[in-house]
Amino acid sequence: ERVASEVETRTLAELPAEDATLSAYDVLWWHCEEPPAPDAISETHAAAIQSYLADGGGLILSAHALTTVSALGIDPIAPDAVGADEPEHPTGYLPKALHREHPVFEGLHDRHVSVAGPGRVLPYARYEGVLPENGDVLASAHYGADEDYRGKVLIEWRVGAGAVLGFGGPFCPADDA
């Protein structure tokens with residue numbers, strides 16, 4: 001079991017475009033509460049992230065950052081539903097039976113994996129009317145006892161020797177979940 005001994009917070013703009021070497025990092029995590037600007041990712045940064053993934057790096061895209069899968073060259077099909085919810089009940093992920101043993105669900109035994117309590121505004125980027133071309137859907141959304149199979153919110157991609165996890169649903173600690 002690995003636990004991060006050090007976390008370094010940087011914005012994408014802080015990564016030098018002429019030398020965007022990412023190999024010093026075990027995992028990159030990009031979280032956006034608002035949709036990123038269309039020009040948020042330069043071709044140089046996208047190429048650096050592609051190289052990082054090809055060499056075995058890991059990338060987490062959460063909330064609206066999931067909308068960047070096309071710009072990053074991960075998948076030509078981006079989520080088609082982007083916005084924010086304010087659910088009245090605990091909300092989270094409904095793992096597909098096929099992927100229930102995936103490491104992301106390790107130690108979680110309930111059918112509904114609640115990760116956010118009610119009363120919060122939760123940004124989302126999910127696949128509803130389309131599916132990712134290159135990714136595996138690991139989970140749909142749940143809102144209280146309601147299961148939303150249209151809202152595909154947890155996706156995994158393999159890029160070279162690396163992996164990308166996209167959490168397009170709620171991504172915050174639950175107070176009462």
Side-chain angles (χ1 to χ4, degrees), residues 4 6-87 91-93 102-104 115-116 120-141 143 148 150-174:
E6 182 180 333
V7 175
E8 182 178 337
T9 303
R10 299 183 115 192
T11 66
L12 191 61
E14 291 173 326
L15 296 176
E18 65 281 352
D19 182 25
T21 303
L22 303 172
S23 61
Y25 301 101
D26 292 325
V27 176
L28 305 177
W29 179 6
W30 189 5
H31 178 83
C32 294
E33 295 283 320
E34 299 292 330
D39 61 349
I41 302 167
S42 70
E43 289 181 21
T44 305
H45 285 122
I49 290 171
Q50 280 291 316
S51 177
Y52 168 79
L53 292 169
D55 291 339
L59 175 63
I60 297 170
L61 300 171
S62 57
H64 288 157
L66 186 56
T67 63
T68 65
V69 293
S70 293
L72 290 171
I74 295 165
D75 200 304
I77 301 176
D80 60 329
V82 179
D85 287 328
E86 191 169 349
T91 185
Y93 299 91
H102 189 282
V104 75
V115 296
R120 298 177 183 191
V121 176
L122 303 171
Y124 66 82
R126 55 188 175 233
Y127 291 86
E128 289 186 354
V130 298
L131 289 170
E133 184 174 305
N134 302 322
D136 292 323
V137 176
L138 302 180
S140 295
Y143 303 94
D148 181 6
R150 293 173 304 117
K152 292 157 249 358
V153 292
L154 179 52
I155 316 296
E156 178 182 49
W157 291 269
R158 292 290 176 183
V159 180
V164 179
L165 278 175
F167 291 87
F171 204 85
C172 62

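The basis for the numbers below is simple: all heavy atoms, side chains too, and nothing from hydrogens, waters or symmetry mates.
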- Output the distance between atom CD1 (Ile77) and atom CG (Leu131), rounded to the nearest 0.5 Å. 8.0 Å
- Task: Classify the side-chain pair His64/Thr67 by whether it contains a donor and acceptor separated by less than 3.5 Å.
- Result: no
- Message: I need the minimum non-hydrogen distance between Ala84 and Val121, along with the two atoms involved.
- Response: CB-CG1, 3.8 Å
- Task: Measure up the Tyr127 and Trp157 rings against each other and bin them: parallel (under 30°), tilted (30 to 60°), perpendicular (over 60°).
- Result: tilted
- Query: Where is the tightest heavy-atom contact between Ala125 and Pro79, given as atom of each residue plus distance?
  - Reply: C-CB, 3.8 Å
- Message: Assess the residue pair Thr91 and Leu122 against the criterion (side-chain contact (heavy atoms from CB on, under 4.5 Å)); give the C-alpha distance rounded to whole Å, side-chain angles, the decisive distance to 0.1 Å, and a yes or no.
- Response: CA-CA 10 Å; Thr91 185; Leu122 303 171; 3.5 Å; yes
- Item | CA sep, side-chain torsions, deciding dist, call: Val153, Tyr124, side-chain contact (heavy atoms from CB on, under 4.5 Å) | CA-CA 8 Å; Val153 292; Tyr124 66 82; 5.8 Å; no
- Message: Rounded to the nearest 0.5 Å, what separates atom CG in Leu59 from atom OH in Tyr52?
- Response: 7.5 Å
- Task: Would you mind telling me which of Val164, Ile49, Asp75 makes a side chain to side chain contact (heavy atoms under 4.5 Å, CB included) with Val159?
- Result: Val164
- Message: So, taking the atom named CD1 in Ile41 and the one named OG1 in Thr68, what distance separates them when rounded to the nearest 0.5 Å?
- Response: 4.0 Å
- Item | Considering all heavy atoms, the nearest Leu66-Gly166 contact | CD1-CA, 3.6 Å
- Item | Glu156 backbone acceptor or donor facing Asp136 side chain under 3.5 Å | no
- Message: Return the CG to CZ distance between Asn134 and Arg158, rounded to the nearest 0.5 Å.
- Response: 13.5 Å
- Item | Interatomic distance, Tyr25 atom OH to Glu8 atom CD [nearest 0.5 angstrom] | 3.5 Å
- Item | Heavy-atom pair of closest approach, residues Val130 and Lys152 | O-CE, 4.3 Å
- Note on the structure: Closest non-hydrogen atoms of Ala65 and Cys32, given as atom of the first, atom of the second and distance, are N-CB, 3.7 Å
- Query: Hey, what do you get for CG (Leu61) to CD1 (Ile74), rounding to the nearest 0.5 Å?
  - Reply: 5.5 Å
